[in-house]
Amino acid sequence: MIHLKQLSTQQLICLVILTQVGAHVLSIPYNESRNSGNDAWMSILLGGLIAQVVILIIYWLGKRYPSQSLPQYVTSILGIPLGVVLNLLFAVYCAESSLVVSVTYASVIVRWLLLTTPWYIILGLLIAIAAYIASSPLRSIATVTQSIMFMFLVCLAIVLISGSGKGDMRNILPIGTHGIGAVFKDALPALWLYAGYELLLYVFPFVRSYKQKSIIIAMSIANGLTTLTYLAITFVVTYKFSEGQMNYISEPMVFILRQFNWPVVQSLDILFMTIWLAVIAVTVYVYLFLSARYLASVLPSGIRKHTLLVWIIAGICYVIGLWGDHREKIIRFSVYHNFATGVMVILVPVLLLLISFMRGKGGVVR
Amino acid sequence: MESSQQLANNTTAIQEMLSNSSDFQTTDFTAGGRHYRLYYLDTMIELAAVQEHLISPLLLQDNVSVREAVSILNVSETQLLTDALTAIIEGKTVVQIEGDATLYLCATALNKERSINIPVNERVLRGSNEAFIEDLATNLNLMRKLLSSPGLVVKYYELGRISKTRVAMLYIRNLANSDILHEMDRRIKSIDIDYVEAPGFIQELVEEKLFSLFPQTLITERPDRVRSYLMDGKIAILSNGSPDCMIIPITFWSFFQSPDDYQINWLFGSTFRLLRIICFIIAISLPGAYVAMVNFDPRILPFEISMTLQSSMQFIAMPAVMEAISMLLILEVLREATIRLPSPIGQTIGVVGGIVIGTVVVQSNLVSNTMVVVVAFTGLASFIIPSYEMSSAARLLPYPFILMSSILGLFGLELAFLFVITHLSRLHTMGVPYFYTGLNGGTMRDTLFRSPIWRLKTRPKESMTNNKVRIRNPRGWEK
């Protein structure tokens, strides 16, 4: 029997872009303009550049163990007890990420689309469809993601079209008045927007490519396209709203979409938020999938059934998510989430690479 | 069971084995001092052949063996009555000489077959107008005529313990992937069943996913279509008694291809291909989208359009979901009735369907005008898909879509879409992925569009063929 298990570089690009892009899109550049104001685009760009550096680090790490994924080689870097702990931490972090994203978007749906539908139904269905997708093999997941890429492009077109209406170019000027410090300060929240590239830690050995270099090229293209998307949204928002207005509107994209009128479609925001659901689902199911895979590497081989693990994790996420129906709670919780992202996505790969360098090429073979 | 030298013994033995079947006959004649007896089923032999090529040569020639005397291509000898019995059932005439236990099996089977017709279910405007018939030999003959290559391999299987249906697997050596061939061979050989209703039974016994609306094998009645798939490196299964040919492995996009696409200008071909795919999406989602917009988000539509909708729905008592489901159901009943109805009273359907359903239902305020438009368009869109199986899938899928969007609006519709895409991505035929997106430059050429022939240089990747190149020097005259 022939079963394709490997990803093409194109599928990798789709997976990474759509995992990076998530529920934040509606609120860009609210968090990123707290200090930098109309220079938020610089912070976004800077965040993208930092993300690119982290991608390079993850790539170097993967290159040292080209035939293994992180849950396998982490024990040869850190030894068995620490490696197991780190795998568990990654499993928890991924589950938590998928929970945060699904809860955030469910709250968007409850606030803007389905005002009277109960919270538990919306969240339940969102997590259920994500779990169904995540329980598939990696190749099927990649195919689904490629199909969702179409929807992402439609959304992007909607954003660009709605941004072309009335606005003021001068909102972007004067450039750089907030100072370089403010830009750097806001690059930190911008950095959280790019989380998702740590996917490479797991999928590195599954990418089918003639040269390893094409993996880093694909990753850079993906990260670059995400940066461009975020920049486009930032420009659209700054074009439409002045700095003073931006301070009061935490989800500017919704307002821009809502006031745009077409002879065929009146309120683009409904259309956008509905289609965007698929893009959110990618982030949710990729993290669910990763969480199950990290967990499976820790568990004894008897209970490693992927489908079962995915559904168990999804169930736990759902039960915790039932308490998340207040927006304040989500905002408060996102502080911890951002901290966890910083540690797991940026700090851990850097440390792993350093330790693996110290251990010598290829690490300790057990 | 050994044959006896006594004619009477053999006759009773065969009669017993055939349970005294009334169509079993024997004929005796003497020539050159020898006493011949023929055993046969009178319903299965061709009388003229027996008279001309068996009896008359034996009557005219003395002192030669049966084998030398008769002018029949396929003559074999046996000593076993069981062999003779199978031969008699197949329509052979068995000859025996008194005092000799040898049985001569002469092929004199009567073949009642209809002539080759034009395809009824897969019509095209341009291209060949031959269709398979029920006779396997004729079908293989058609295929051999279309593909006169020594590489065309025909492999027979006998399926069905009782029916002994002959099934043929066709492929082209060096093009078909050997792993897929082995797998198909293994699966067909594992079938142990009393009789096969081919290719429906075979299809259900070899496909991977048991619960799926989507067809996992392609059924066609057109030899030219089978040829094009064989040339892509796929496997075709033909069986005696059925004019349908089964193609495996297959992908989602193949169901939107029609032989027409390759006969006309590639620009038209691409347009119509794209039209079919869009119609598939419309067929499964339009009623759902309508229900979602009417129930949840009328503000997605411009004011004027929602006013029109509102005025048409003003006096309708039923909720939009009920309207949509009942109208689709009526359409489905109409479709089924048209197939089953005897043709002389077929026109009644037009009257009942067109006037009663279309006009009166609206006039009596049971269903809104716009809903009739939506359902009619949905129905038309589902009929545009060239494959009957895929078009049936497209007519069953709207129901869950409608239910989802009636509960959750456009959000539910999107969830249903994601579910279908995931289901498609999880399907495999013979281990080959069933669905892939046509995003990639290599795969887009013959999926969403029909690229010009000179761009289709390689065979599609899903057949996993080793010999990838299809055209070597396209438009070489230009240089």
Side-chain angles (χ1 to χ4, degrees), chain A residues 1-4 8-11 13-14 105-106 109-110 113-117 121-122 125-126 128-130 132-137 139-151 153 258 261-282 285, chain B residues 177-180 182-184 186-187 208 249 252 289 292-293 296-306 404-405 407-443 448 461-464:
Chain A
M1 293 263 280
I2 307 155
H3 270 285
L4 297 175
S8 67
T9 44
Q10 195 199 14
Q11 286 172 324
I13 294 178
C14 292
Y105 204 69
I109 291 172
V110 165
L113 283 181
L114 302 169
L115 306 176
T116 50
T117 313
I121 287 183
I122 292 178
L125 282 171
L126 186 57
I129 191 81
Y132 175 63
I133 303 176
S135 62
S136 327
R139 212 210 76 93
S140 304
I141 291 184
T143 312
V144 177
T145 314
Q146 270 184 314
S147 322
I148 293 178
M149 198 69 193
F150 277 117
M151 305 188 194
L153 294 176
R258 181 156 285 191
N261 270 337
W262 241 358
V264 243
V265 183
Q266 195 170 35
S267 69
L268 276 174
D269 59 325
I270 297 176
L271 204 63
F272 179 86
M273 279 194 269
T274 310
I275 305 177
W276 198 253
L277 169 80
V279 180
I280 300 300
V282 177
Y285 68 66
Chain B
N177 181 302
S178 53
D179 288 343
I180 298 176
H182 279 300
E183 182 60 25
M184 193 62 204
R186 192 176 71 83
R187 287 189 195 179
E208 269 135 309
F252 179 73
M293 279 186 206
F296 286 83
D297 306 297
R299 68 206 152 101
I300 201 171
L301 299 169
F303 183 68
E304 293 76 16
I305 297 182
S306 27
M404 280 303 278
S405 25
I407 301 169
L408 291 160
L410 287 174
F411 176 68
L413 192 72
E414 177 91 13
L415 286 180
F417 247 117
L418 282 180
F419 183 85
V420 168
I421 291 178
T422 316
H423 174 76
L424 281 173
S425 310
R426 285 168 75 142
L427 282 182
H428 284 86
T429 56
M430 295 289 127
V432 178
Y434 180 70
F435 178 78
Y436 51 86
T437 41
L439 257 182
N440 191 311
T443 54
L448 291 176
K461 68 171 186 184
E462 76 264 6
S463 42
M464 309 254 166

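Since the structure is predicted, the reported quantities are computational estimates derived from the model, not experimental observations.
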Participant: Against chain B, work out which of A:Leu125, A:Ile121, A:Ile148 has the most heavy-atom pairs shorter than 4.5 Å and name it.
Facilitator: A:Leu125
Participant: With a 4.5 angstrom heavy-atom cut-off, could you sort out which part of A:Ile133 is near chain B: side chain, backbone, both or neither?
Facilitator: both
Participant: Counting only heavy atoms closer than 4.5 Å, note whether B:Phe419 contacts chain A via side chain, backbone, both or neither.
Facilitator: both
Participant: Against chain B, label A:Leu271 side chain, backbone, both or neither, depending on which of its atoms sit under 4.5 Å from a heavy atom there.
Facilitator: both
Participant: Specify the closest pair of heavy atoms between B:Gly412 and B:Met404, including all atoms of both residues, with the distance to one decimal.
Facilitator: O-CB, 3.6 Å
Participant: So, using side chain to side chain contact (heavy atoms under 4.5 Å, CB included) as the criterion, who are the partners of A:Leu113 when residues are at least two apart?
Facilitator: A:Ile109, A:Ile270, A:Met273, A:Thr274
Participant: For A:Ile141, does its backbone N or O pair with a side-chain atom of A:Ser136 as donor and acceptor, under 3.5 Å?
Facilitator: no
Participant: Under 3.5 Å, is there a donor-acceptor pair between the side chain of B:Glu414 and the main chain of B:Phe411?
Facilitator: no
Participant: Name the member of B:Leu424, B:Leu408, B:Leu427, B:Ile305 that forms the most heavy-atom pairs with chain A at distances under 4.5 Å.
Facilitator: B:Leu408
Participant: By a 4.5 Å heavy-atom criterion (distance strictly below it), what part of A:Leu268 contacts chain B: side chain, backbone, both, or neither?
Facilitator: neither
Participant: With a 4.5 angstrom heavy-atom cut-off, could you sort out which part of A:Ser135 is near chain B: side chain, backbone, both or neither?
Facilitator: both
Participant: Between atom CZ of A:Arg139 and atom CD of A:Gln11, what is the distance when rounded to the nearest 0.5 Å?
Facilitator: 6.0 Å
Participant: Answer whether the closest heavy-atom distance between the side chains of B:Phe296 and B:Leu410 falls below 4.5 Å.
Facilitator: no
Participant: With a 4.5 angstrom heavy-atom cut-off, is it the side chain or the backbone of A:Ala281 that approaches chain B, or both, or neither?
Facilitator: side chain
Participant: Please collect all salt bridge (charged side-chain N to carboxylate O under 4.0 Å, His left out) contacts where either partner lies in residues 265-277 of chain A, sequence neighbours excluded, each pair once.
Facilitator: A:Arg258-A:Asp269
Participant: Is chain A contacted by the side chain of B:His182, its backbone, both, or neither, given a heavy-atom distance below 4.5 Å?
Facilitator: neither
Participant: Name the region of B:Phe435, side chain, backbone, both or neither, that has any atom closer than 4.5 Å to a heavy atom of chain A.
Facilitator: both
